[in-house]
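Written out below as structure tokens is the structure these notes cover.
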Number of protein chains: 2
Amino acid sequence: MPRPSRWNEIIEAAAEAFRTNGYAATSLEDIASAVGMWKGSLYHYIDSKEDLLFAVVRGPAEEILNQLRELSDTDLPPTEKIRRATRSHVQILNSNFVYASVYLQEIAGRRKLPEWTAMDREYLNLLESIVREGVDSGEFSAVTNPRVATLALIGSLNWLTHWYRPGGSLHADEIADQFCDLFLGGLITRKTKAPRSQTVTPLKTTKPRAKRTA
Amino acid sequence: MPRPSRWNEIIEAAAEAFRTNGYAATSLEDIASAVGMWKGSLYHYIDSKEDLLFAVVRGPAEEILNQLRELSDTDLPPTEKIRRATRSHVQILNSNFVYASVYLQEIAGRRKLPEWTAMDREYLNLLESIVREGVDSGEFSAVTNPRVATLALIGSLNWLTHWYRPGGSLHADEIADQFCDLFLGGLITRKTKAPRSQTVTPLKTTKPRAKRTA
DNA sequence: TGCGAAATGAAACGATCGTTTGGTTATCCT
DNA sequence: AGGATAACCAAACGATCGTTTCATTTCGCA
């Protein structure tokens with residue numbers, strides 16, 4: 001029976017523990033016992049506890065940013081860009097749920113390491129640029145500050161880690177579309193319909209996890 | 001010179017430390033040295049470290065819920081209820097910024113203590129009821145799942161702790177109105193205007209902090 | 001003024017944590 | 001087969017943490 005790479009087991013155990021108890025409240029013994037080894041043996045794979053945190057978090061953080069970069073390079077109409085960016089964000093949150101939750105709880109906000117804040121800022125700026133495109137083309141209303149609108153959307157998306165669970169009754173794509181309908185069309189009833197998206201041509205699909213050889 | 005209550009100093013120092021470093025990563029010595037005393041002396045005011053966390057967090061948590069309870073009892077139109085609830089949420093986040101940030105980072109999500117989850121659920125349900133009122137009256141479109149729309153709004157509001165800072169260039173009320181315009185009217189340009197709010201008759205105003213006598 | 005309680009100082013304790021060390025077993029390659 | 005290296009065991013260390021204990025100072029008030 002070919003056992004999967006031990007490194008993946010360690011990262012998954014670390015991610016699960018970090019998400020439920022938080023990084024600081026998780027001991028290396030928690031992680032070690034979850035994978036069935038002594039805490040000292042973890043140091044055959046890592047140099048410090050923080051290595052585990054960064055390894056957990058790096059994959060989805062880079063993936064979500066890269067997908068938005070690719071999308072920004074297209075010349076789809078802003079409405080469609082917003083819809084695809086939202087779908088991409090939700091899908092990565094869905095398929096990397098534990099890892100992404102750890103990122104949002106432990107990296108975004110607290111630790112001010114320049115590497116991560118630069119990624120956060122670039123993501124925000126790319127999304128805001130899409131909103132600005134829509135305002136400039138007249139497609140979006142100009143009453144709302146583009147940066148505030150962007151931060152509102154990001155907040156809604158990232159708050160998913162507080163209530164969404166993969167495999168629940170609501171599919172990831174449904175939630176993404178609901179968010180889009182809300183942000184694009186608003187709550188209030190209108191006669192002129194907000195354009196709903198048709199069949200989706202996915203930009204790319206990427207796969208769960210990272211690698212490592214000690 | 002009449003020194004303010006020592007208990008307030010302790011809570012404020014604890015809140016500031018919890019917010020920047022997180023609860024688990026904050027030591028009692030951090031807090032003690034911030035107020036100029038020995039960590040053991042803190043136990044004249046508390047029974048355990050967790051007491052500090054709950055004391056920091058209880059005030060705004062109860063206040064934000066109570067304000068939404070009062071608002072729900074009125075019979076304002078749903079649009080105006082949403083606007084006032086949003087303003088109230090942002091204002092409490094603004095005037096109790098550090099305390100509320102600690103709540104969102106340390107209580108909501110992690111700790112599953114029934115007391116707090118009950119408050120979270122009630123807040124969510126009250127806000128969702130307002131959205132449902134709007135859908136039932138035809139004021140709001142029925143295309144968006146009310147619960148999803150409510151969670152989207154709450155997510156935008158609570159994400160404020162990640163980027164808003166009291167005293168910054170954007171006033172709290174401006175942000176609240178921007179959020180409302182966005183959630184009610186949507187991004188997409190429309191001919192029929194979303195109703196903007198007039199002068200506000202405040203429901204109540206409450207004051208910063210709690211008390212305690214050891 | 002003096003007394004009792006509140007407030008703080010100062011030190012210590014036991015537990016736990018991240019990390020190190022040195023040895024033992026398993027696995028892979030030629 | 002055998003040697004190198006990866007993988008893991010087992011124990012220990014030093015630091016730090018939350019908490020306790022007891023002594024000392026400060027303060028309100030009769």
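Chain A is the first sequence line, chain B the second, and so forth, proteins listed ahead of strands; every chain is numbered from 1.
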Residues A:Arg110 and B:Gln105: side-chain donor-acceptor under 3.5 angstrom: yes
Rounded interatomic separation in angstrom, taking CG from B:Leu42 and P from C:dA7: 13 Å
What is the separation between atom NZ on B:Lys39 and atom C1' on C:dC13, rounded to the nearest whole Å? 11 Å
Just N and O in the side chain of A:Trp38: are any of them under 4.0 Å from OP1 or OP2 of D:dA10? yes
Look at B:His44 and C:dA7 and indicate whether a side-chain polar atom (N or O) is within less than 4.0 Å of OP1 or OP2. yes
When you check the gap from the basic side-chain N to the acidic O, do B:Arg58 and B:Glu115 get nearer than 4.0 Å? yes
Taking C:dT8, D:dT19, D:dA7 as options, the one with an atom nearest any side-chain atom of B:Leu28 is D:dT19
Would A:Tyr103 and A:Asn96 count as having a side-chain donor-acceptor pair, cut-off 3.5 Å? no
A:Thr144-B:Gln178 side chain donor-acceptor pair, cut-off 3.5 Å: no
Whole-Å distance, A:Ile46 CD1 to C:dG18 C1', equals 9 Å
Nucleotide C:dG9, atom C1' - distance to OH of B:Tyr43 in whole Å: 16 Å
Here the distance between atom P of C:dG9 and atom CD of B:Glu29, to the nearest Å, is 12 Å
Whole-Å distance separating the CG atom of B:Asp47 from the P atom of D:dT19: 9 Å
Examine C:dA6: is either OP1 or OP2 under 4.0 Å from a nitrogen or oxygen in the side chain of B:Arg6? Give yes or no. no
Position toward the 5' end of DNA chain C (nearest nucleotide), A:Asp30 or A:Gly40: A:Asp30
Whole-Å distance between C:dG18 P and A:Asp51 CG? 13 Å
Round to the nearest Å and state the distance from A:Ile31 atom CD1 to C:dC17 atom P. 11 Å
Is it true that the NZ or CZ of A:Arg111 lies under 6.0 Å from the centre of A:Tyr23's six-membered ring and within 45 degrees of the ring axis? yes
Residue-phosphate contact under 4.0 Å: B:Ser41 side-chain N/O, C:dG9 OP1/OP2: yes
Measure from the side chain of A:Tyr45, starting at C-beta and using heavy atoms only, and say which of C:dT19, D:dC8, D:dC17 lies closest. D:dC8
Give the nucleotide from the list C:dG9, C:dT19, D:dT19 with an atom nearest to the side chain of B:Met37. C:dG9
